[in-house]
K.L.:
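Once you've had a glance at the structure underneath, I'll fire off some questions.
We name chains A, B, ... by the order of the sequence lines, and we start the count at 1 in each one.
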Protein chains: 2
Amino acid sequence: MSITAGSVFLADCPARLAIEVIADKWSVVTLFALSDGPVRHGDLVTLIGGISRKVLTHTLRRLQANGLVTRQAFAEAPPRVEYSLTELGLSLQEPIVMLTQWARSNGEAIVEFRETESDLPG
Amino acid sequence: MSITAGSVFLADCPARLAIEVIADKWSVVTLFALSDGPVRHGDLVTLIGGISRKVLTHTLRRLQANGLVTRQAFAEAPPRVEYSLTELGLSLQEPIVMLTQWARSNGEAIVEFRETESDLPG
DNA sequence: GCGTTAGGTACCAATCGGTAACTAACGAAT
DNA sequence: ATTCGTTAGTTACCGATTGGTACCTAACGC
């Protein structure tokens, strides 16, 4: 765990900033949803269970403001807006996929742990 | 992006629960801090820049309640409490390390993007 | 009594997130 | 010509969560 110049342990360094941008529930799921190519706003709302349009828009704006996502609006009616990963966003693909795969493989273990925990005498 | 039974896209499934537990700024940094072995509470506060004792305790409690971290208190004075990763927590080590490495490698790119963005006309 | 470590609590501000209602722009139906 | 439905987005209002500071306890050695 070498604490080098740019470390996630330092409060005011770019590495920590990066963690603050992506280490967020909705950001992780959104980035994962975009990892196969451009997706429309409405499709993202449908795909990502439990997200509201407002929060999705906010999440996308934040990812966009940090260079991870691009927004492309088409001059059509009704409007069509597609979001996709930038090059920087694509470099995050592997870590994000690993994380979501871990979640799929180990989510059940968390649920089971919670259940056995609540059975403790206390 | 196959939407299988346990998908991070489904609001109420174990995979999403797992994401909600770990996809959090302080959780990621804390898990990373524990990835080399047991660390005392006080050492974590020093190591993790910007975290307060209250938030660290809360973060550790949450990780503990979800089976990722164990807490070992020694009957000494002054008290000594060590936190370490469980087996489940260790299975997260690789994704977490990838994520923090990405943050170190690409944090600067985010900073630069922000700077060039703010230079835009308008 | 004082310092140590771990933690709990109280109070407060800021952020997050949900619902609902609104706009813009256009095609299609009436 | 008017109305309706569509997609994307904003705004307002509200409650819940997060996080900070400050202060308190417990247990022990000096």
K.L.:
Please list all pairs passing the salt bridge (charged side-chain N to carboxylate O under 4.0 Å, His left out) test where one or both residues lie in residues 40-59 of chain B, with sequence neighbours left out.
P.N.:
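Salt bridge (charged side-chain N to carboxylate O under 4.0 Å, His left out) check on residues 40-59 of chain B returns no pairs.
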K.L.:
Of the options B:Leu99, B:Ile96, B:Leu68, which is the one that meets B:Ile22 in a side-chain contact (heavy atoms from CB on, under 4.5 Å)?
P.N.:
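So, applying the side-chain contact (heavy atoms from CB on, under 4.5 Å) to B:Ile22 and each of B:Leu99, B:Ile96, B:Leu68, only B:Leu68 qualifies.
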K.L.:
Among residues two or more places apart or on two chains, list those pairs meeting side-chain hydrogen bond (donor to acceptor under 3.5 Å, both in side chains) that have a residue in residues 89-102 of chain A.
P.N.:
A:Ser91-B:Trp102, A:Trp102-A:Asn106, A:Trp102-B:Ser91
K.L.:
Cut-off 3.5 Å, no hydrogens considered: what does the side-chain donor-acceptor table look like for residues 74-85 of chain A, sequence neighbours left out?
P.N.:
unit_1, atom_1, unit_2, atom_2, d
A:Glu76, OE1, A:Arg80, NE, 3.2
A:Glu76, OE2, A:Arg80, NE, 3.4
A:Glu76, OE2, A:Arg80, NH2, 2.9
A:Arg80, NH1, A:Glu82, OE2, 3.0
A:Tyr83, OH, A:Arg61, NH1, 3.4
A:Tyr83, OH, A:Arg71, NE, 3.4
A:Ser84, OG, A:Thr70, OG1, 3.3

K.L.:
Among B:Leu63, B:Val29, B:Leu44, whose side-chain contact (heavy atoms from CB on, under 4.5 Å) with B:Leu34 holds?
P.N.:
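Only one option passes, and that is B:Leu44.
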K.L.:
Suppose clustering is done on Ile, Leu, Val, Met, Phe, Trp and Tyr with side-chain heavy atoms closer than 4.5 Å. Which residues sit in the same group as A:Met98?
P.N.:
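Direct or chained contacts put A:Met98 with B:Met98.
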K.L.:
From the 5' end of DNA chain C to its 3' end, which nucleotides mark the outer limits of contact with chain B, defined by a 4.0 Å heavy-atom distance cut-off (strictly under)?
P.N.:
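Terminal contacting nucleotides, 5' to 3': C:dT4 to C:dA10.
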K.L.:
So, using side-chain hydrogen bond (donor to acceptor under 3.5 Å, both in side chains) as the criterion, who are the partners of A:Arg62 when residues are at least two apart?
P.N.:
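Checked A:Arg62 against side-chain hydrogen bond (donor to acceptor under 3.5 Å, both in side chains); matches are A:Ser27.
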K.L.:
Compare side-chain N and O positions of B:Trp26 against OP1 and OP2 of D:dT18 and report whether any pair is under 4.0 Å apart.
P.N.:
no
K.L.:
On DNA chain C, check which nucleotide each of A:Glu76 and A:Gly50 is closest to and give me the residue with the more 5' one.
P.N.:
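It is A:Gly50 whose nearest nucleotide is closer to the 5' end.
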K.L.:
Closer than 3.5 angstrom, by distance alone: can the side chain of A:Arg16 be matched with the main-chain N or O of B:Gly50 as a donor-acceptor pair?
P.N.:
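Flag not set: sc A:Arg16 to bb B:Gly50 has no pair under 3.5 Å.
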K.L.:
Output one letter per nucleotide in nucleotides 6-17 of chain D: B when a protein non-hydrogen atom lies under 4.0 Å from the base, S when only the sugar-phosphate is that close, - when neither is.
P.N.:
BBBBBBB-----
